[in-house]
Q: 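Have a look at this one before I ask anything.
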Amino acid sequence: GLLCYDFEGNELWNKPLPVARTIQGTGTSPVVVGELLLLHREFLPEPSLMAVSCRTGKTIWNQVCQLARVPGPNNAYSTPALWQHDGVDEVIIQNRSRISAHDLKDGTKRWSIQLSSSACSTPVNGDGLLFVVGHLSGTEPGESDPLPTFDELLEKSDKDEDGQISNAEFPDNLDIF
C-alpha cells in the first residue's frame, strides 16, 4: 500500500492496496507532482495508473490498465514520468507492448505507441523530446525487423527534403524511432 509520514515519523495516512502478484516484486516508485502522488501498478490483481492526494491519500483518479498480451510475464514496472506536450501535462508510462501518455488532470489516455520492452525503465524528457528505452523481442510480426538507419529513413520519408522527418512525414508502419 501507500503510507505517508511527517518528518517526526507520525503516520498521516495510509492507503491499503492489493498485494502485487508478480515474479519480480513491484519495482515501480511513486512520483509526486504538485499535490498528486502518482503510482503505476501494471500487474495483477488490479493493474492501474492512479493519482492520490498527497495531503489525504484520497484517490483523485484511477485508470485501469490493460495488461500487455505478450508471451511470458506481462507485468510493467516503469515509474511514471511527467512530460508537457502540446500544452498539456502528460503522465508517461511504459508497459510490455507500448508507451502511453495520460492527462495529468484525470488520467485519460491521450496517445500511445507500440513498443516491445521489459517495461522496467523510466521514460525521460529533455529539450522538448521524450526518450524511451525498448528492445525488439520479436513477440509480434515485424518486431524483429531491423530498424532503418536515419539516412535510409530520410531517403524514404523526407518528402520536403529538409533533412528532417516531420510528424506528417513519419512513416505509419514504423512504431519505434
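Because only heavy atoms are used, hydrogens play no part in the values below, and waters and symmetry mates are left out as well, while side chains stay in.
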Q: Are I93 and W61 connected in the hydrophobic side-chain network, where two residues link if heavy atoms are under 4.5 Å apart?
A: yes
Q: Is it true that a side-chain atom of D6 and a backbone atom of E8 form a donor plus acceptor pair closer than 3.5 Å?
A: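 The answer is yes, because a donor-acceptor pair under 3.5 Å joins these two groups.
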Q: Got a donor-acceptor contact below 3.5 angstrom from the S48 side chain to the N62 backbone?
A: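 Absent.
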Q: If you look at every heavy atom in Q164 and E169, which pair is closest and at what distance?
A: O-OE1, 3.1 Å
Q: If you take all heavy atoms of C54 and C4, which pair is closest and at what distance?
A: O-SG, 4.2 Å
Q: How about CD on E11, more than 12 heavy atoms from neighbouring residues, nucleotides or ligands closer than 6.0 Å, or not?
A: yes
Q: If you round to the nearest 0.5 Å, how far is CZ of R41 from CG of L2?
A: 8.0 Å
Q: What is the minimum heavy-atom distance between L38 and A51, and which atoms define it?
A: CD2-CB, 3.7 Å
Q: Locate the shortest heavy-atom distance separating Q63 from D106; write the atom from each residue and the value.
A: NE2-O, 3.3 Å
Q: Could you tell me whether the side chains of T149 and D151 share a donor-acceptor contact shorter than 3.5 Å?
A: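 There is no such pair between these side chains.
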Q: Tell me whether I60 shares a hydrophobic cluster with L37, the cluster being built from Ile, Leu, Val, Met, Phe, Trp, Tyr side chains joined at under 4.5 Å.
A: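 Shared cluster, no.
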Q: Assigning hydrophobic clusters by single linkage (Ile, Leu, Val, Met, Phe, Trp, Tyr; side-chain heavy-atom cutoff under 4.5 Å), is L129 placed with I99?
A: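 Not linked; separate clusters.
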Q: Within the structure provided, determine whether D86 and W111 are in side-chain contact (heavy-atom separation under 4.5 Å).
A: no
Q: Quick check: do L82 and V31 have side-chain heavy atoms less than 4.5 Å from each other?
A: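 With C-beta onward as the side chain, the pair stays apart.
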Q: Whether the side chain of D158 engages the backbone of G163 through a donor-acceptor N/O pair (distance < 3.5 Å, no angle test) should be reported.
A: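 Answer holds: yes.
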Q: Return the CD to NZ distance between E90 and K105, rounded to the nearest 0.5 Å.
A: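 Reported value, rounded in 0.5 Å steps: 11.0 Å.
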Q: Does atom CZ of R55 have more than 12 heavy-atom neighbours, drawn from other residues, nucleotides or ligands, at distances under 6.0 Å?
A: no
Q: Do N125 and P123 touch side chain to side chain, with heavy atoms closer than 4.5 Å?
A: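 No - every pair of side-chain heavy atoms lies 4.5 Å or more apart.
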Q: Measuring from atom CD of Q94 to atom CD1 of I113, what distance do you get when rounded to the nearest 0.5 angstrom?
A: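 If we round to the nearest 0.5 Å, Q94:CD and I113:CD1 are 11.0 Å apart.
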Q: With W83 as reference, evaluate V88, I92, D89 under the side chain to side chain contact (heavy atoms under 4.5 Å, CB included) test and give the passing residue.
A: I92
Q: Provide the closest heavy-atom pair for H102 versus G107 in the form atom of the first, atom of the second, distance.
A: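 So the two residues come closest at ND1-O, 3.0 Å.
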Q: Report yes if the side chains of L17 and M50 come closer than 4.5 Å at any heavy-atom pair, otherwise no.
A: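 Yes, their side chains come closer than 4.5 Å.
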Q: Looking only at heavy atoms, what is the nearest atom pair of P80 and V91, with distance?
A: CB-CG1, 3.8 Å
